[in-house]
Enquirer: 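Below is the structure I would like to discuss, written out as structure tokens.
Basis for what follows: all heavy atoms, side chains included, without hydrogens, waters or symmetry-related copies.
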Amino acid sequence: MPLAITCLVTAHREGLLAHLSLRSIRRTVDAAQAAGLDAEILVVLDRADAETERVVRTHPALRSWDRVIPADVGDAG
């Protein structure tokens, strides 16, 4: 099945607050998959601090097919 949905999260310096966002996105992706859609999570770590990166990269909401990529843009958008 081709990829239908990418849930994008941009992280900067959220620290432990990133945990809540990832839990919410996981529920959304799970609901999409239950409806028969293919979905993934993409987290962009834009100049993320060490704590935010640790929380994101070790979070149990992320599956092996989800992606985490670093960026150096510095744009809150």
Side-chain angles (χ1 to χ4, degrees):
M1 172 182 335
L3 187 63
I5 297 173
T6 297
C7 294
L8 173 65
V9 178
T10 304
H12 301 277
R13 290 172 178 78
E14 290 78 8
L16 292 175
L17 292 176
H19 168 74
L20 299 173
S21 297
L22 291 171
R23 281 183 45 205
S24 175
I25 292 293
R26 175 84 265 148
R27 287 192 302 271
T28 301
V29 167
D30 289 347
Q33 291 173 334
L37 299 171
D38 194 11
E40 70 169 352
I41 297 172
L42 169 60
V43 181
V44 177
L45 295 171
D46 184 21
R47 296 184 186 171
D49 62 10
E51 178 68 358
T52 301
E53 184 167 0
R54 182 194 67 76
V55 169
V56 169
R57 291 195 181 275
T58 63
H59 203 280
L62 298 179
R63 306 293 189 249
S64 62
W65 56 86
D66 295 322
R67 296 179 289 155
V68 177
I69 59 172
D72 188 19
V73 178
D75 185 354

Enquirer: To the nearest 0.5 Å, tell me how far L42 CG sits from T10 OG1.
Expert: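 Rounded to the nearest 0.5 Å, the CG-OG1 separation comes out at 8.0 Å.
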Enquirer: Rounded to the nearest 0.5 Å, what separates atom CG in D66 from atom CD1 in I25?
Expert: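 CD1 of I25 is found 10.5 Å from CG of D66.
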Enquirer: For the CG atom of D38 and the OG1 atom of T6, what is their distance to the nearest 0.5 Å?
Expert: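 Answer for the CG-OG1 pair, D38 versus T6, is 9.0 Å.
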Enquirer: My understanding is that only residues two or more places apart in sequence, or in another chain, count here; which of them pass side-chain contact (heavy atoms from CB on, under 4.5 Å) with A71?
Expert: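 With neighbours one apart ignored, the set is V44, D46, V73.
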Enquirer: Which atom names give the shortest non-hydrogen contact between I5 and A32, and what distance separates them?
Expert: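 Where I5 meets A32 most closely, the heavy atoms are CD1-CB, 4.1 Å.
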Enquirer: Residues two or more places apart in sequence or in another chain: which of them pass salt bridge (charged side-chain N to carboxylate O under 4.0 Å, His left out) with D49?
Expert: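 Partners of D49 under the salt bridge (charged side-chain N to carboxylate O under 4.0 Å, His left out) test: none.
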Enquirer: Can you tell me how far OG of S21 sits from CZ of R26, rounded to the nearest 0.5 angstrom?
Expert: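 That separation rounds to 14.0 Å.
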Enquirer: In Å, rounded to the nearest 0.5 Å, how long is the span from CD of E53 to OG1 of T58?
Expert: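 OG1 of T58 is found 10.0 Å from CD of E53.
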Enquirer: I'd like to know if the side chain of S24 and the backbone of L20 have a donor-acceptor N/O pair within less than 3.5 Å.
Expert: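 Not a single qualifying donor-acceptor pair exists.
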Enquirer: Between atom OG1 of T28 and atom CZ of R23, what is the distance when rounded to the nearest 0.5 Å?
Expert: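 If we round to the nearest 0.5 Å, T28:OG1 and R23:CZ are 12.0 Å apart.
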Enquirer: Kindly give the heavy-atom pair with the smallest separation between V43 and A11, and that separation in Å.
Expert: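 For V43 and A11, the tightest heavy-atom pair comes out as CG1-CB, 4.4 Å.
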Enquirer: Are any side-chain N or O atoms of R67 and backbone N or O atoms of S64, one a donor and one an acceptor, separated by less than 3.5 Å?
Expert: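 Looks like no, no N/O pair under 3.5 Å.
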Enquirer: With R27, which residues qualify under side chain to side chain donor-acceptor pair (under 3.5 Å), at least two apart?
Expert: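 Result, side chain to side chain donor-acceptor pair (under 3.5 Å) vs R27: none returned.
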Enquirer: Go through the steps for L45 and R57 under the test side chain to side chain contact (heavy atoms under 4.5 Å, CB included), then give the verdict.
Expert: CA-CA 10 Å; L45 295 171; R57 291 195 181 275; 4.0 Å; yes
Enquirer: With hydrophobic residues grouped by side-chain heavy-atom distances under 4.5 Å, do L62 and V29 end up in a single group?
Expert: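 Yes, same cluster.
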Enquirer: Taking a hydrophobic cluster as the set of Ile, Leu, Val, Met, Phe, Trp and Tyr residues connected by side-chain heavy atoms closer than 4.5 Å, whether directly or through intermediates, do V68 and L22 fall within one such cluster?
Expert: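 Yes, because V68 and L22 connect within a single hydrophobic cluster, where side-chain heavy atoms sit under 4.5 Å apart.
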Enquirer: Which atoms form the tightest heavy-atom contact between E51 and L16, and what is the distance?
Expert: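 Nearest pair, atom of E51 first, then L16: OE2-CD2, 3.6 Å.
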Enquirer: If you count every heavy atom of other residues, nucleotides or ligands that lies below 6.0 Å from R13 atom CZ, does the total exceed 12?
Expert: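 For R13, atom CZ is crowded (more than 12 foreign heavy atoms under 6.0 Å).
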